[in-house]
Structures are given as C-alpha cells and as structure tokens.
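Heads up, the thing below is written out as structure tokens.
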Amino acid sequence: MTLLRKAIRTMLEQKPRYIGSLLLLMISSMMFVMLNTTSLNLNHTFSTFSQRNMLSDAEFSVNGKIDPAALGNKFAAQVELGGTADCQAKPRQTLRVFSLMDEVNIPAVAAGNLPGASEITLDRLFAETNGYAIGDTITVADKEFTVSGYSFLPNFIYVVKSKEEIMNDPKTFGTGVVSKADFEALPDQNEVYAIRFDERENIKAQEAAVKNVLRSQGVNITNWQSTEKKVNVSYVPMEISVLSTMSAAVPLAMLGLSCVLLGMLMWRMIQSESVIIGTFYAQGYRRRELLRHYLTFPLLVSVIGSAAGSLLGLLLMNSVFKFMLTAFPMPVYETISNPWLIVFEVLLPVLILCGVTWGITNKILKTPPAILMKGGETKTKTNFIERHLRLDRWKFNTKFQIREQVRSLSRTFFLLFGIVVATMLMLYGLTMKSSVDYMLNEGIKELYNLKYEYVFTSEKTGPAPAGTEQFGAAYVSLSGNEDLSFYVTGVLPDTDKIKLKDSSGQPFKPEQTTITAPLAQKLNVNEGCNLTVFDTDNGQEHTFKIEKIADTYAGDFLFMPLAQFNSEFKLPTDAYIGIWSDQPRTFAQGEIRSTKSIDAIVTGFGILLAQMAPMIYGLIAAAFIVGLLIIYIVTGLVVDESRTSISLMKVFGYRKKEIGKLILGSNTLIVIAGYLLGIPALLGTVGALYGSLTDSLQIVLPVKLNVWYMLLGFVMVLVTYEFAKLLCRKKLARIPMSEALKAGTE
C-alpha cells in the first residue's frame with residue numbers, strides 16, 4: 001500500500017508527463033476503435049444489403065433482345081431486364097429513373113412503399129433537398145408521379161451521375177424507381193440486363209464465359225460493366241479499405257509514440273530515483289515488490305487511457321457511421337461491434353508498455369543497493385556523436401545547445417519522430433486539397449476546351465452538327481489483364497477542344513498516338529513501346545505504338561487521329577460516336593447514350609473540396625494537440641534533467657530569458673528537421689493511398705502539395721513549439737538556486 005501511494009503521489013507531482021501520455025493513448029485508442037468499428041459496420045451493412053437485395057455482378061447492354069431465363073439457366077444465375085432513363089424533373093435537374101426489379105438489384109425501402117402505377121420512389125437526399133415528401137407529386141418527362149416512398153438501390157449506392165463528377169449535387173441530380181409499365185413509357189430508355197451468379201466464387205471467369213457465349217451467338221455487346229468497376233458501388237469497398245488502413249496505421253503510430261514516451265519517462269524516473277530504490281532495498285523490500293511498484297505507472301496509464309479511449313470511440317462511432325451513410329445511403333438492418341476489438345485495444349498497450357517498463361526496471365534493479373544509494377552508476381563516457389564533434393570553435397551558447405541534443409539521443413529521436421507524425425497529420429488534408437486543386441486546374445480545365453460532351457447510342461457518319469466537333473471512342477482493356485481498362489479516343493488532328501502538353505509544358509496537337517502520363521505509369525510504357533489491348537465490346541485485339549506522352553491528370557486516355565481510329569476499329573472513314581459542344585443541345589428520343597458537362601464536373605470537385613474542409617481543420621487541430629503534447633513533454637524532460645544546470649546559471653547571474661533560450665531553445669533545429677522529414681514521408685504515404693484509389697476506381701490523383709500550404713504547416717509547427725516553450729517557462733522559473741547544492745551525490 002505504501003508503494004502504491006508513492007506511485008500515485010509521483011504521478012500527481014508530474015501531472016503534465018502522465019496526462020500527456022494518457023491523452024496520446026486515449027486518442028490512439030479512440031481512433032482505433034472508432035475507425036475499425038465504423039469500417040466493420042460499413043462492411044457488414046454493404047454485405048447484407050448486397051445479399052438481401054441481390055446486387056448484380058455485372059450489367060450489360062446488347063443490340064437486340066436475349067432470353068434472360070435461358071441465359072440464367074445456362075449459367076446458374078439470375079438475369080433480369082431493367083433499364084435507366086435520364087429525365088428532367090425541373091430545368092437543369094436530372095432524375096435517373098430505374099425500372100423496378102424483382103430478381104436482381106431489388107430496391108430497399110427507407111420509408112413508404114415500393115412504387116405502383118403512376119408512383120415513384122426517390123432517393124432520400126434528393127427528395128429532402130428539393131422538398132419532395134411522401135405523397136407529393138413530381139413531374140417526370142411530362143408525366144406526374146406520386147412519391148410513394150424513399151428507396152435505396154444496391155447497384156447505385158453512391159449517387160453520382162458519372163465517375164467524372166466525383167461528388168453529387170442533390171439539387172441537380174437524383175434517382176427514382178418506377179414500375180416496369182411506367183418505365184416503358186419514358187423517353188430515352190437505356191435497356192440494361194443485370195446478372196447475378198449463384199456461385200459466388202470466380203466471378204470474373206463466369207463473366208468472361210457469358211460474354212464468350214453471347215458473342216458466339218452473334219449478339220453484339222454494346223456495353224458491359226462489372227459491378228466491381230462501377231463507381232456507384234465500388235466506392236463503398238474502397239472507403240472500407242481506406243478506413244481499415246487508417247484504423248491500423250494512424251493509431252499504431254500514435255501508440256508507438258506513447259510507448260517511446262512512457263519508456264523514456266520510466267527510464268529517467270527510475271534513474272532519478274536510484275537513491276530511493278537503494279533505500280527501499282535497505283529497508284527490506286524485495287526485488288519483486290519493487291518491480292510491481294514501477295509497473296504500476298504504465299499499468300495505470302495504459303488501462304485508463306486505452307479504456308477511456310475505447311469507450312469514447314464506441315460513442316463517436318455512431319456519428320461517424322451516420323455521416324458515412326449520408327455519402328453511401330444503405331439500409332441498416334443492424335449495427336454490430338466486436339468485443340475482441342476492445343479487448344485487443346486495451347491489452348495491447350498494457351502488454352507493450354508494461355513489457356518495456358519491466359525490462360528497464362529489471363535492468364536497473366540488477367545494480368547493487370550500495371551503488372544505488374550513492375546515486376547509481378556514474379557514466380562518464382560520451383557517445384560516439386559527441387566524441388566526433390569539434391565544438392571548441394563554437395561559442396558557449398551553441399556548444400551547450402548541441403550537447404543538449406547529442407547527450408540524450410533517445411529524447412532527440414523521440415521529438416524528431418513526434419514532429420514527423422504531427423507534420424503528416426497536419427498536412428494530410430492540405431495535400432488532398434492541393435491534389436484535387438491541381439487535377440482540377442492543371443488537368444480538367446487545361447485538357448478540355450469545351451462545355452458539353454454527347455455520346456450517341458450508335459456511330460454516326462457524315463459531318464458533325466454545326467458548332468460541334470466529332471470524336472470516336474472505344475473502351476478497351478489491357479490484353480492479359482482485364483482489370484486495366486481505359487478509353488481510346490479518336491480526335492481531329494487539328495482539334496482545339498483537347499489541349500495536350502509534354503513534360504516540359506510545351507503544347508502539341510494529337511497528330512500521333514498519345515497516352516496520358518498517369519496511364520503510361522500504370523501500364524509501365526514509354527514512347528516507342530507497343531501496347532496490345534482488346535475491345536470490350538467485341539473482344540477484338542488491337543496493338544498501338546505509343547508515340548507521345550501527354551502530361552495531364554484529367555484521366556486515363558489514349559488519343560489518336562480520328563481517321564486512324566476509324567481504320568483501326570474498322571469503321572467508316574467519316575464515322576464518329578460523339579460530339580463536343582460549347583452550347584447545350586437537344587436530340588431525338590433514344591439518340592443519346594450519355595451526356596457529360598464539364599461545368600458539372602468542376603462543380604462536383606468544388607463540393608468535394610467544401611466537404612473536405614471540416615476534415616482538414618480537424619486534422620490540423622488534432623496535429624496541433626499531438627505536437628503540443630509531444631513538444632511539451634520532451635521540453636519538460638529537458639527542464640527536469642537540467643535542474644542543476646539551470647540552478648547554477650541562476651547563481652552565475654544568467655537572466656531568465658537567457659536561460660530559457662539555452663534550455664528551451666535547444667530543440668529548434670530538431671523541430672525544423674522533423675518538419676522537413678515529415679513532408680517526404682507524407683507524400684510517400686499519400687502516394688500509396690492514391691495508388692490504391694487508382695487501382696480500385698480508375699481515378700488518377702497526382703500527389704501535390706502547394707508551397708503555400710508547406711509554409712502554413714511550418715508556421716503551425718513553430719507556433720506549436722513556441723506555445724509549448726511558453727508553458728515550460730513557468731516550470732523553469734520555479735527552480736531555485738539552492739538546487740545546485742543538492743548535487744552532492746554527483
């Protein structure tokens with residue numbers, strides 16, 4: 001009991017150290033539990049929704065009719081004919097209407113009922129944003145429908161008009177579901193077959209078998225989209241993957257910080273208490289009792305910090321999960337939690353921290369009591385760095401500050417590591433914003449010199465409509481790797497609608513076969529290489545020689561002259577599949593397959609940046625707190641370990657400001673070095689994250705960090721450092737001159 005009271009008293013006397021360690025553990029535990037539980041529930045909700053509502057494995061269109069039942073029987077699958085139609089609800093407001101499905105991609109009802117005759121269900125965000133309540137009427141394609149409820153679509157979870165728009169604006173785009181009879185009366189229908197295999201293994205191989213059979217029967221597949229590549233669905237597992245990665249990396253990094261911190265605290269505390277330990281020995285305390293005593297410190301901190309953080313993480317999980325469901329609307333049948341996750345989160349820091357402390361304490365306790373009572377073993381040897389430093393040529397102040405760092409390398413490395421982590425947290429959100437800004441300004445706005453893109457349902461020949469420019473396009477996949485898909489685009493050689501530039505920034509015309517830089521990196525090809533692909537519509541192979549590489553991040557494209565494109569894909573010399581225009585245009589019913597608005601894409605990125613703002617500010621605030629804790633604790637260690645030197649300086653007449661500059665300012669170079677090292681570490685981490693996004697979503701994001709953001713981050717780190725020094729100045733001022741007289745044991 002005496003030793004327990006001493007442990008509590010020691011912790012209360014050194015509150016900043018232990019509170020800082022406890023907060024770091026609490027934050028890491030909170031993030032670990034919160035992100036892992038959110039990821040677990042998001043994955044469970046997605047899996048349950050996919051299974052219960054029969055999410056399709058692929059959706060495809062053909063240039064005719066097929067028998068869904070016969071195809072399903074042949075391949076042990078559920079096949080159903082559905083479709084979509086983009087209709088206008090209000091001026092500049094598109095509602096993508098789906099045909100009600102009964103076997104595959106079955107809608108789930110959030111409120112109300114599934115649609116009957118002249119009824120429609122809407123996605124909740126679109127309905128609430130535009131004021132459509134259940135029972136209201138909405139005009140779709142000049143026909144009035146009654147809103148019968150709000151629904152979720154398993155094949156359209158992430159509600160965006162196209163993958164280029166990234167973020168949806170519910171004021172201008174939403175989804176609806178109508179009965180099959182009402183759908184047949186809508187204009188501009190796009191009939192789509194959905195297929196879901198009964199056997200849930202080797203989905204890709206089963207898809208390939210279906211495509212081969214259809215082609216062998218003379219069926220022309222005009223479009224085939226695997227669900228795993230459809231952004232409206234694949235964004236969900238991507239987000240789950242990102243959450244899982246973050247829930248492992250960030251909390252473990254902070255746990256590592258906490259372990260290093262507590263290890264340093266215990267090492268220095270035990271060294272400073274060597275006389276007390278020797279006295280305990282002399283009074284008859286056993287080695288086992290002293291070990292238990294010093295294990296009390298990390299045990300209390302780790303249990304309290306991890307338990308409180310885990311509880312806080314569970315409480316915050318509901319808010320984060322609900323926020324995720326606003327971006328990925330799905331029905332929640334149940335929320336789950338993994339109790340072993342909590343057990344792991346509590347036991348891991350206990351085992352690590354107690355293990356570290358046990359090793360340190362056991363080593364100290366091997367020293368004979370007589371030596372401990374004299375202050376422990378005196379080490380007069382300098383480390384290898386200090387031995388090789390030639391400090392005689394420097395002034396006293398400089399020599400003193402350098403020795404402060406090299407004589408405690410563990411403390412220096414800890415501060416360096418902490419600043420690197422704080423820098424990465426602080427600049428992570430700003431790096432994402434810089435990357436999106438760059439892709440928007442240097443990519444999309446520079447590449448496209450147009451307003452609208454219209455793609456027809458079939459190739460046209462002859463001159464393009466006045467005021468427009470024609471182009472050809474084919475969706476191809478890399479031969480031998482069907483997962484790598486991109487567009488081959490045929491353009492007029494003298495076009496001004498597409499602006500390309502080389503790596504030196506010089507513009508050039510697409511008069512040769514040109515590949516965009518991100519696609520070239522992904523495919524690992526250079527100028528002069530041959531690239532073999534196959535057309536996803538008919539399976540025919542094509543080989544292209546790469547002649548130029550365009551430095552643009554607007555997407556994965558292979559550009560070539562339109563005449564060469566038509567010749568390669570065996571089309572009439574004057575054929576084209578779409579047109580580019582600076583003005584909105586109208587077309588006959590069923591003539592247009594898709595429409596792209598560059599302004600809508602830019603608006604989507606603007607919404608993305610706006611939604612990123614709270615995350616960016618939150619990361620900056622979290623980084624400030626983490627950095628402040630680390631710098632304050634390490635600076636406090638410097639003050640405690642330099643008590644004798646500080647006391648002597650006061651005796652010699654040094655002023656408070658001078659002492660503060662010598663003691664507290666000795667870490668400035670380490671803080672600057674940590675910030676500079678944090679930038680490449682951050683860019684490498686973000687590059688790996690963007691690489692995973694590219695593989696799963698075919699989205700190419702450049703890793704960019706604005707120079708002004710770098711300067712802002714540097715200012716934030718210095719402000720944090722100065723604030724921590726300000727907090728430690730009071731501690732420094734309280735050290736009396738008589739402290740130097742207590743150094744007799746040395």
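Computation of the quantities below employed the complete heavy-atom set of this structure, encompassing side-chain atoms and omitting hydrogens, waters and symmetry-equivalent molecules.
Within 6.0 Å of the NZ atom in Lys74, the count of heavy atoms belonging to other residues, nucleotides or ligands does not exceed 12. In the displayed structure, Lys143 atom NZ is contacted under 6.0 Å by more than 12 heavy atoms of other residues, nucleotides or ligands. Other residues, nucleotides and ligands place more than 12 heavy atoms under 6.0 Å from the NZ atom of Lys460. More than 12 heavy atoms of other residues, nucleotides or ligands lie within 6.0 Å of CG in Asp496, so this atom counts as buried by the packing criterion.
Residues Leu492 and Gln470 approach most closely at CD1-OE1, 4.1 Å, considering heavy atoms. Considering all non-hydrogen atoms of both residues, Tyr454 and Ser581 come closest at CE1-CB, 4.4 Å. Across every non-hydrogen atom of Phe565 and Thr489, the tightest pair is CD1-C, 4.4 Å.
Side chains of Ser56 and Asn155: no donor on one and acceptor on the other come within 3.5 Å. Side chain to side chain, Asn105 and Glu59 meet the donor-acceptor criterion of an N or O pair below 3.5 Å. A donor-acceptor contact closer than 3.5 angstrom is absent between the side chains of Thr543 and Asn530.
By the 30° and 60° cut-offs, the orientation of the rings of Phe569 relative to His542 is tilted.
Panel note: side chain Asn130, backbone Tyr132; no donor-acceptor pair is recorded below 3.5 Å. Within the 3.5 Å criterion, the main-chain N or O of Thr513 finds a donor-acceptor partner in the side chain of Glu547.
With respect to Lys548 and Glu511, no salt bridge is recorded, no charged nitrogen being found less than 4.0 Å from a carboxylate O.
Counting only heavy atoms from C-beta outward, the side chains of Thr121 and Phe98 never approach each other to under 4.5 Å.
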